[in-house]
Amino acid sequence: MREGKLEDYRDCGVKIRALCEGESDVIAKMASVAGVLHNGMVDFFWTGFYRVVDGRLVIGPYQGTVGCLRIEFGRGVCGTAASKGETQVVPDVHEFPGHIACDPNSQSEIVVPIRDGEGELIAVLDIDSKRRGCFDAVDREQLEAMMAQVFS
Ligand code: SME
């Protein structure tokens with residue numbers, strides 16, 4: 001694991017909790033999460049959400065280069081995380097069957113399903129890195145806990 005990763009997550013968590021406390025607007029919270037993580041974590045190249053809208057995933061809010069606007073459930077890493085309801089940690093995107101290459105610079109990726117207080121899937125958090133093997137079990141644990149605090 002990269003040195004300082006846990007400390008960076010802790011600092012981001014403090015900022016995200018401070019920003020989102022008492023906020024009910026889901027988009028405002030997603031925008032704040034994307035802004036804090038993208039600027040606070042090393043190697044995060046694309047950081048944002050695909051929301052569940054009419055049974056498909058629709059982009060935004062996010063920070064980074066342009067991404068594809070809509071993704072079907074079951075397609076790519078985001079669609080797989082959404083249809084399985086499970087976090088996908090992908091150390092090398094070239095080895096993930098059906099990976100959607102929105103930006104050729106992306107080398108590794110993590111996608112975390114986001115649920116509301118009723119347990120309904122409302123979005124996925126998608127984070128891409130230019131560095132291969134950027135994400136591991138620590139990222140999964142930290143991001144899942146952080147997202148549950150903010151959105152559940
Ligand atoms: N890589 C994603 C597509 C979205 S972007 O990278 C912004 C996927 O395969 O789901």
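Because the structure is predicted, anything quoted here is derived from the model rather than measured. Each ligand, and each atom within it, is numbered from 1 in the order the structure gives. The figures here come from the full heavy-atom set of this structure, side chains too, leaving out hydrogens, waters and symmetry mates.
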**Q** To the nearest 0.5 Å, what is the distance between CZ on Arg132 and CD on Glu109?
**A**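 The CZ atom of Arg132 sits 14.0 Å away from the CD atom of Glu109.
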**Q** Does a sphere of radius 6.0 Å around CD in Glu141 hold more than 12 heavy atoms from other residues, nucleotides or ligands, not counting ones at 6.0 Å or beyond?
**A**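 No, CD of Glu141 has 12 or fewer neighbouring heavy atoms, counting only those of other groups under 6.0 Å.
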**Q** Looking only at distances, can you tell me whether any N or O atom of Cys102, backbone or side chain, sits closer than 3.5 Å to an N or O atom of ligand 1?
**A**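 Checking ligand 1 against Cys102, no N or O pair falls under 3.5 Å apart.
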**Q** Any chance you could pull the hydrophobic cluster mates of Phe73, using side-chain heavy atoms under 4.5 angstrom and chaining through other members?
**A**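 Phe45, Trp46, Tyr50, Val52, Leu57, Ile59, Tyr62, Val66, Leu69, Ile71, Val77, Val90, Val93, Phe96, Ile100, Val111, Leu121, Val124, listed by chain and number.
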**Q** How does Val77 reach ligand 1, by side chain, by backbone, by both or by neither, if only non-hydrogen atoms under 4.0 Å count?
**A**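 It is both parts that get close, each with some atom under 4.0 Å.
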**Q** For atom 3 (C) of ligand 1, which protein heavy atom lies nearest, and how many Å away is it?
**A**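 Checking every protein heavy atom, the shortest distance to atom 3 (C) of ligand 1 gives Ile100 O, 3.6 Å.
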**Q** Of all the atoms in ligand 1, which lie at a distance below 4.0 Å from a heavy atom belonging to Cys78?
**A**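 Going through ligand 1 atom by atom, the ones under 4.0 Å from Cys78 are 8 (C), 10 (O).
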**Q** Hey, what do you get for CG (Asp43) to NZ (Lys130), rounding to the nearest 0.5 Å?
**A**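 Taking CG in Asp43 and NZ in Lys130, the distance rounds to 10.0 Å.
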**Q** Around atom 6 (O) of ligand 1, find the nearest protein heavy atom and jot down its residue, atom name and distance.
**A**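 Of every protein heavy atom, Asp128 OD2, 3.2 Å lies nearest to atom 6 (O) of ligand 1.
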**Q** Can you name the atoms of ligand 1, numbered from 1 with element, that are less than 4.0 Å from a heavy atom of Tyr50?
**A**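 Taking each heavy atom of Tyr50 in turn, ligand 1 has 4 (C), 7 (C) under 4.0 Å.
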**Q** Between Ser129 and Ser108, is there a donor-acceptor pair closer than 3.5 Å when you use the side chain of the first and the backbone of the second?
**A**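 Checking the backbone N and O of Ser108 against the side chain of Ser129, no donor-acceptor pair under 3.5 Å is found.
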**Q** Considering only heavy atoms, does Glu109 approach ligand 1 within less than 4.0 Å through its side chain, its backbone, both, or neither?
**A**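 It is the side chain that gets close, since no backbone atom is under 4.0 Å.
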**Q** Ignoring hydrogens and geometry, is there a side-chain-to-backbone donor-acceptor pair from Asn39 to Val36 under 3.5 Å?
**A**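 No, the answer is negative, given that no donor and acceptor are paired below the 3.5 Å cut-off.
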**Q** Where's the contact between Asp126 and ligand 1, heavy-atom distance under 4.0 Å: side chain, backbone, both or neither?
**A**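 Near ligand 1, Asp126 shows its side chain, while the N, CA, C and O stay back.
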**Q** Where on Phe96 is there a heavy atom closer than 4.0 Å to ligand 1, on the side chain, on the backbone, on both, or on neither?
**A**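 Near ligand 1, Phe96 shows nothing, with every heavy atom at 4.0 Å or more.
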**Q** What is the distance from atom OG of Ser106 to atom CD1 of Ile127, rounded to the nearest 0.5 Å?
**A**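 Result: 11.5 Å between the selected atoms.
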